Amino acid sequence: MQNILVVQSLTKKFDNFTAVNDISFNVEKGSIFAFLGPNGAGKSTTIKMLTTVLKPTSGEISINGFDVLKEQNKARESFGIVFQDNSLDEDLTAYENMVYHAVVYKVPKTERAERIQKALAIVGLCDRWSDYVKKYSGGMKRRLEIARSLVHYPKIIFLDEPTVGLDPQTRNAIWSHIRKLNEEQKITVFLTTHYMEEAEAIANNVAIIDHGKIIESGTVEEIKKRTKTELLEEAFLKLTGRDIRDDDNGANKQKMMRGLGRMR
Amino acid sequence: MMIEIIYILCLRQLKHYWRSKARLIGSLGQPLLFMIAFGFGFGPMYTRANGGANYINFLTPGIVTMAILFTAVFSGLEIIWDRQFGFLKEILVAPISRTEIMIGKTFGGAIIAMIQGLIMLSMTYLFGFRISNLGSLWMGLIFMFLIAIFFSGLGLTIASKMEDMQGFQMILNFLIMPIFFLSGALFPLQNLPYAIYLISRIDPLTYGVDGLRGSIAGVSTFGIYNDLVAISSLSVLICAIGTVLFLKIEA
Ligand SMILES: Nc1ncnc2c1ncn2[C@@H]1O[C@H](COP(=O)(O)OP(=O)(O)O)[C@@H](O)[C@H]1O
Ligand SMILES: [Mg+2]
């Protein structure tokens, strides 16, 4: 199988704190890849480097055969991205957000309306296209971001916790959209999530990251076998320990937690 | 393609601008208020001190400049808002180079500021201002545009170094306000204490105002062509600095 994403020795340091520490992995074309880890493990930082928003301290990334650091624009055309936090312009309507995206991604003028229409249909937002985004609910914003990331026909889509904070109905709807994209449009999916049962249900391959290091990777079955567990969630807890992680961006707290972890 | 990107960046800013009525009214209302307060307040004094010269003619280029200055700086600083509310990430992952974004945003901001300046210029007709020589109006438009480019670029340059909205007030009070007041927009730069005189000479806006005044009101201190060289080279300089800083921006 061909790899659409190849990551080699990727590292990101913030001052003295190493958020991502020399990780390497591949993602197969057409697969659904789940990148799992506790809060502060380095998932979002990794995704930001993969998508050219952050500059890596060192390492190499290739997406769809393009060097992400050297052929940035080619790489950017190849992926779609839904960030963990909002990246919509709430003062514009849903449709205006989509048009902005289509123009900066150089979608031919004649195809814009149709592509936007289709992308909105995939996530069930066709009848709300003219609303201001600030009037959308959290779930609708998430779905709109997914729709937007599809307008330029990406080969791979990155989804950073696409279902966090949403009710079960919306979560199910989003996962079924994602599965449909993968099956019907053959888009490779790279996702992170906190919900292990969701990852287990959808992913072909999994990598588990903690403290900036990949500590386990393989198919769900392989990981369960190796950790002698029944569920991915148990395997995850076994691998990453049971201490609670802070959900903030304080590198110091992380360091302190790590110190405490070692003391025990 | 570049044209289209400038167009969409500009359109987005225009929509923000048009939809936020407070901003729209504020950015036209403030210069208008200055026009009234200074025009009627200082007018008679100026006329007496300058042997009958018309203060409205002196003031108008300053007021037009004011409208352009604030709109341009704010549209450049808008990227701080984009950072705060997350849209910056969408800007940065798009398959366009940082240089193109910088150029697109600078022009986008400048065009909006230019529109603002033109609205203001037509309003000054209500106060009795008349362009001294319609033939040199095009030169005035060039100055207005260069002022707009400079300050839109300056706003972006500052914004690319600013993490959040704190410090925004500082920039306004200790950079933009002094630039405006010491540029000669409101009063002639004559018989000033030496320190202020010096500052006014390194104030980029001084040359913008003087050039605009020379073009539409027929009076200039340094000569229109010197002003033109000064403000255009400063615009190029600030855009170059801005581009370098913008290359390093992360979200
Ligand atoms: N801009 C930044 N400056 C300093 N530290 C950061 C920054 N961004 C993230 N971090 C730190 O890097 C670590 C990884 O963060 P992140 O990648 O967001 O984790 P995750 O997405 O796995 O929850 C955290 O400890 C976080 O505090
Ligand atoms: Mg995260």
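These figures come from a predicted structure and were not determined experimentally.
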Fill in: Under 4.5 Å from a heavy atom of chain B, the part of A/Gln72 involved
neither

Discussion item. So for B/Arg98, is it side chain, backbone, both, or neither that comes closer than 4.5 Å to the heavy atoms of chain A?
Written reply: side chain

Worksheet item: Under a 4.0 Å N-O cut-off, is there an ion pair linking B/Arg19 with A/Glu96?
Response: yes

Discussion item. Are more than 12 heavy atoms, taken from residues, nucleotides or ligands other than B/Phe127, located less than 6.0 Å from that residue's CZ atom?
Written reply: yes

Discussion item. Using heavy-atom distances under 4.5 Å, tell me whether A/His152 contacts chain B through its side chain, its backbone, both, or neither.
Written reply: neither

Discussion item. Quick check for you: among A/Glu90, A/Lys109, A/Glu145, A/His101, which has the greatest number of heavy-atom pairs under 4.5 Å with chain B?
Written reply: A/His101

Item to complete: Examine whether an atom of B/Lys89 lies under 4.5 Å from a heavy atom of chain A, and if so say whether it belongs to the side chain, the backbone or both; otherwise answer neither.
Response: both

Worksheet item: At a heavy-atom separation under 4.5 Å, does A/Tyr132 approach chain B through its side chain, its backbone, both, or neither?
Response: side chain

Worksheet item: So, do A/Asp89 and B/Glu90 sit near enough that their side-chain heavy atoms are less than 4.5 Å apart?
Response: no

Response to the item:
Checking A/Asn97, A/Leu88, A/Leu92 against B/Phe87 for side-chain contact (heavy atoms from CB on, under 4.5 Å), the one that qualifies is A/Asn97

Worksheet item: How far apart are the closest heavy atoms of B/Glu250 and A/Lys12, and which atoms are they?
Response: OE2-NZ, 3.9 Å

Worksheet item: Looking only at heavy atoms, what is the nearest atom pair of A/Asn73 and B/Pro95, with distance?
Response: OD1-C, 3.5 Å

Worksheet item: Quick check: are there more than 12 heavy atoms from other residues, nucleotides or ligands sitting under 6.0 Å from CD of B/Gln30?
Response: yes

Discussion item. Just checking A/Gln8: does its CD atom have more than 12 heavy atoms from other residues, nucleotides or ligands closer to it than 6.0 angstrom?
Written reply: no

Worksheet item: Heavy-atom distance under 4.5 Å between the side chains of A/Lys106 and B/Ile96, does that happen here?
Response: yes

Practice prompt. Would you check if B/Ile101 and A/Val104 make a side-chain contact, meaning some heavy-atom pair closer than 4.5 Å?
Written response: no

Worksheet item: Going from CD1 on B/Ile5 to OH on A/Tyr100, what distance comes out if it is rounded to the nearest 0.5 angstrom?
Response: 8.5 Å

Worksheet entry | Best-contacting candidate, B/Leu88, B/Leu92, B/Val93, against chain A by heavy atom pairs under 4.5 angstrom | B/Val93

Discussion item. For A/Phe83, I'd like to know if atom CZ has over 12 heavy atoms of other residues, nucleotides or ligands within 6.0 Å.
Written reply: yes

Practice prompt. Tell me, yes or no, whether the heavy-atom count around A/Lys74 atom NZ, taken from other residues, nucleotides or ligands under 6.0 Å, exceeds 12.
Written response: no

Discussion item. Quick check on B/Lys21: does its NZ atom have over 12 non-hydrogen neighbours (other residues, nucleotides or ligands) under 6.0 Å away?
Written reply: yes

